[in-house]
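Take a look at the structure below.
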Amino acid sequence: MALPLIEKLTLRWFTRDISARAALVANALHDSTIDALASRDARRLVLLFDRTAQDERVFGIGLCGSDGGVFARSNAFPATLSCADAKQTAGLGDPRITLPGGAVLISRHPLAATENSEIGLEPTPELILLHDLSFIERRSLDTRRYLIAFLATLGFVVAIITMLVAQISWRGWIAGARALLRGDVVPVGPLAVRPELAPLAEELRGRLRQLEDEYRRARGPETGWTPERLRGLLHSELRGDEIIVVSNREPYIHDRDQQGVRVRRPASGLVTAIEPVMRACSGTWIAHGSGTADRDMVDLDDRVSVPPDHPMYSLRRIWLTPEEEQGYYYGFANEGLWPLCHVAHVRPVFRESDWEAYRAVNQRFADAVVEEARTEDPVVLVQDYHLALVPALVREKLPQATILTFWHIPWPNPESFGICPWRREILLGLLGSTILGFHTKFHCKNFLETVDRFIEARIEHEHSVVAVAERETFIESYPISIEWPHPTEGEWASPADCRHAVIGRLGFPEHAIIGLGVDRFDYTKGIVERLNAVERMLEKHPNLRGRFVFVQVASPTRSTLDEYRAFQQQVERIASRINARFGSGCYQPVVLLAEHHDHGQLIELYRAADICVVTSLHDGMNLVCKEFVASRDDEQGVLVLSRFAGAAREMHEALIVNPYHVEETADAIYRAARMSSGEQRERMISLRHTVRDFNVFRWAGRMLSDAARWRLRARVEERVRKHGLPEFDGR
């Protein structure tokens with residue numbers, strides 16, 4: 001349909017163009033033709049017409065005299081074409097004739113006498129111009145070809161786009177179905193779950209939870225991860241091999257006060273996660289002794305058995321001078337690596353002196369591992385960013401050791417990590433590990449991209465293995481968790497008693513709605529954003545003033561650093577501002593508890609609170625949310641959780657928020673305050689199942705199982721190498 005229409009339009013356009021060109025040619029020939037006609041010089045006219053007809057679009061020219069005959073013509077002008085026929089055809093709507101050489105278009109142009117010449121002939125002579133139309137056919141053919149090619153290309157492009165859209169749409173459906181089946185947070189972006197699936201989400205998840213419950217009942221309670229199962233794994237798969245944990249923070253601190261020596265557990269997610277594992281596995285924990293009475297409690301080898309009430313493993317303490325602690329811990333680790341990895345809008349600071357202290361202290365920890373090792377191939381668990389160089393240093397002295405390093409904080413993208421002047425040394429230090437673990441797959445991906453960017457290594461993305469100098473490191477995600485409370489811990493006070501105690505101690509109204517935040521004074525925890533959301537919520541909902549109270553527990557930490565002191569002062573100012581705006585009489589909407597709380601005190605607050613708010617700006621996991629859920633055996637309470645905490649990838653029944661969005665967080669807190677008891681119970685039951693099943697023993701068990709697999713692979717390869725058999729690949 002398109003081709004005939006285009007051909008008609010093309011012919012019309014070219015006809016107008018030819019008519020305009022014919023008028024120009026006739027005007028150009030006018031004076032010369034009049035002069036030649038006046039002298040009756042036909043030969044001169046023929047030469048003039050032949051010269052003009054050399055134009056590719058002019059086929060022939062003829063002059064019709066007053067007698068109606070052709071007075072002169074160019075050589076190509078047809079002898080059979082009379083002036084009468086030419087004039088008649090030129091007057092038609094389609095002034096074309098077909099000659100043996102092809103189609104031509106005829107135009108007629110009367111001649112008028114000039115001022116200097118008088119023709120004196122009647123009727124007036126006329127020029128007959130024949131225009132070659134073959135170029136139109138050639139261009140029409142080219143146009144047809146171009147059009148066909150264009151339509152074919154357009155059809156191909158449309159087909160490709162259609163296939164891509166269909167593929168993306170199909171992948172969106174698949175991603176949505178998988179997300180619903182897994183219970184994941186609904187993804188965003190090009191592969192977002194189709195909105196049609198949203199109504200099915202709750203029903204499908206409920207059915208899956210029911211099937212999971214039936215599966216658990218069918219398998220029996222013994223299938224969960226427990227200390228006993230972890231011990232069994234150690235004896236069956238690791239054959240009782242010794243376990244050595246290395247971390248900066250120690251699990252128990254001995255401090256001296258007026259009553260004597262007091263033992264406390266530090267407020268640390270790392271300690272919360274690792275200490276139950278050591279209880280189950282025994283072994284040795286190497287850490288920095290930071291307590292004021294730590295030296296008094298160790299033996300001659302700087303060891304002490306812990307826990308104090310029921311010793312189950314050995315704690316080896318490392319002593320640091322104030323200068324070493326300042327450079328290694330406060331300097332490089334917490335002014336450099338901490339803000340670098342958390343991308344928390346605080347500029348990292350890197351000093352040469354801090355790096356030297358960091359390297360020296362890492363060497364001291366590595367030497368302690370070698371001293372404590374009773375065999376040539378211990379299982380060494382290196383914990384966190386303080387000890388990034390230890391794996392490679394231990395590998396030099398104990399090449400057969402199985403080294404598991406777990407990075408408890410986020411790993412940034414390559415561009416951010418590239419800021420570190422000693423990025424290569426840190427990467428090579430970590431790649432001394434047998435297994436390197438992160439909280440999420442996203443952090444694993446960032447690490448692999450960083451390695452690819454900054455060092456020469458062979459990366460097997462399919463197996464998540466990095467090889468440097470023939471030494472392989474397995475990169476995997478192991479979401480960390482907590483120890484699920486043992487049934488004997490039913491000695492906890494009831495939630496009602498805990499609530500009564502907290503209300504009485506803090507002077508809250510009897511029917512107060514209690515919100516709770518538990519953190520260290522750290523700028524990555526989103527305390528400022530959390531308090532701003534509380535303030536906005538009270539602005540939008542005046543009916544909660546006088547009833548809603550928010551308790552912020554914030555343990556002072558790293559107070560020698562300017563950023564942390566300034567941050568603590570900022571939090572105190574915001575709390576005072578909110579209380580000044582909305583407080584009245586004895587009512588203060590924000591209660592800031594800037595002091596250390598032991599585990600029992602936190603349990604009381606968890607069980608008394610109606611809402612727990614975790615608004616990390618960037619966090620590896622954040623175990624506060626899991627501790628809150630584990631403490632709520634009454635199946636009440638609401639968890640408001642930042643999407644930037646690693647726990648958000650597991651705890652989907654929490655109210656997930658963007659802490660940078662004050663309105664969203666304020667609305668979530670208000671929704672939590674108004675949530676019905678039934679909805680709270682549904683959400684909490686599911687959250688408790690998640691935390692119970694994915695507990696710290698499962699975290700440790702997965703890592704140790706992988707360690708056992710790699711140890712077996714190494715041993716078999718060594719045995720095969722000695723016997724000259726083909727290499728064994730145990731992946």
Walk me through it: do S481 and N695 pass the test side chain to side chain donor-acceptor pair (under 3.5 Å)?
CA-CA 5 Å; S481 191; N695 59 31; over 6 Å; no
Counting C-beta onward and ignoring hydrogens, is there a side-chain heavy-atom pair between [X] and [Y] closer than 4.5 Å?
X    : Y    : result
V261 : D255 : no
Y606 : V624 : yes
D377 : L398 : no
S290 : R249 : no
L687 : H652 : no
F550 : R530 : yes
F442 : R649 : yes
L315 : P251 : yes

Can you give me the closest heavy-atom contact between [X] and [Y], atom names plus distance?
X    : Y    : value
E425 : L389 : O-CD2, 3.6 Å
T284 : E372 : CG2-OE1, 3.9 Å
A373 : P378 : CB-CG, 3.9 Å
P311 : S305 : CB-CB, 3.7 Å
M537 : A666 : CG-O, 3.5 Å
M651 : C625 : SD-SG, 3.7 Å

Which residues pass the ring pair (Phe, Tyr, Trp, His ring centres under 6.0 Å) test with F644, not counting sequence neighbours?
Y660
I'd like to know if [X] pairs up with [Y] as an ion pair, taking the criterion as any Lys NZ or Arg NE/NH1/NH2 lying under 4.0 Å from an Asp or Glu carboxylate oxygen.
X    : Y    : result
D301 : R316 : no
R317 : D302 : no
E460 : R458 : yes
R536 : D667 : no
E449 : R453 : no
K626 : E483 : no

Would you find a donor on one side and an acceptor on the other, under 3.5 Å apart, between the side chain of [X] and the backbone of [Y]?
X    : Y    : result
D598 : G600 : yes
S282 : M312 : yes
N334 : W338 : no
T440 : H443 : yes
S555 : A594 : no
W319 : H288 : no
E335 : V349 : no
S433 : P391 : no

Determine whether the side chains of [X] and [Y] contain a donor N or O and an acceptor N or O closer than 3.5 Å.
X    : Y    : answer
S247 : W285 : yes
Y523 : Q570 : no
S576 : N579 : no
D294 : Y252 : no
Q383 : H408 : yes
D522 : Y564 : yes
N248 : Y328 : yes
D519 : Q552 : yes
E476 : S464 : no

What verdict does the side-chain contact (heavy atoms from CB on, under 4.5 Å) test give for Y478 and I435, after you've listed the backbone C-alpha separation in whole Å, the side-chain angles of each residue and the deciding distance to 0.1 Å?
CA-CA 11 Å; Y478 302 98; I435 297 175; 3.5 Å; yes
Dump the intermediate steps for side chain to side chain donor-acceptor pair (under 3.5 Å) on E242 and T375, then the final yes or no.
CA-CA 8 Å; E242 64 173 323; T375 62; 3.1 Å; yes
Taking side-chain hydrogen bond (donor to acceptor under 3.5 Å, both in side chains) as the test, write out the residues that go with E356, two or more places apart.
R359
Between F447 and F417, ring centroids under 6.0 Å:
no
Hey, would you say the F406 and H439 ring centroids sit under 6.0 Å apart?
yes
For the residue pair W407 and F438, categorise the inter-ring angle as parallel (less than 30°), tilted (30 to 60°) or perpendicular (more than 60°).
tilted
Run Y358 and E324 through side chain to side chain donor-acceptor pair (under 3.5 Å) and show every step you take.
CA-CA 8 Å; Y358 184 86; E324 288 175 327; over 6 Å; no
Determine whether Y330 and D354 satisfy the following criterion, side chain to side chain donor-acceptor pair (under 3.5 Å), listing intermediate values before the conclusion.
CA-CA 9 Å; Y330 293 107; D354 292 344; over 6 Å; no
Under the side chain to side chain contact (heavy atoms under 4.5 Å, CB included) rule, collect the residues that match up with T434, sequence neighbours excluded.
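Here the qualifying residues are R395, T402, I403, W710.
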Step by step, work out the side-chain contact (heavy atoms from CB on, under 4.5 Å) result for V380 and V246.
CA-CA 7 Å; V380 183; V246 193; 4.0 Å; yes
Apply side-chain contact (heavy atoms from CB on, under 4.5 Å) to T450 and L448, showing your working.
CA-CA 5 Å; T450 304; L448 291 174; over 6 Å; no
Evaluate L393 against N362 for side-chain contact (heavy atoms from CB on, under 4.5 Å), listing each step before the verdict.
CA-CA 8 Å; L393 295 173; N362 271 248; 4.2 Å; yes
Crowded around E595 CD? As in, over 12 foreign heavy atoms under 6.0 Å?
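For E595, atom CD is crowded (more than 12 foreign heavy atoms under 6.0 Å).
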Cation over ring face, R709 and F474, 6.0 Å, 45°:
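Judged by the rule (NZ or CZ under 6.0 Å from the ring centre, within 45° of its axis), R709 counts as positioned above F474.
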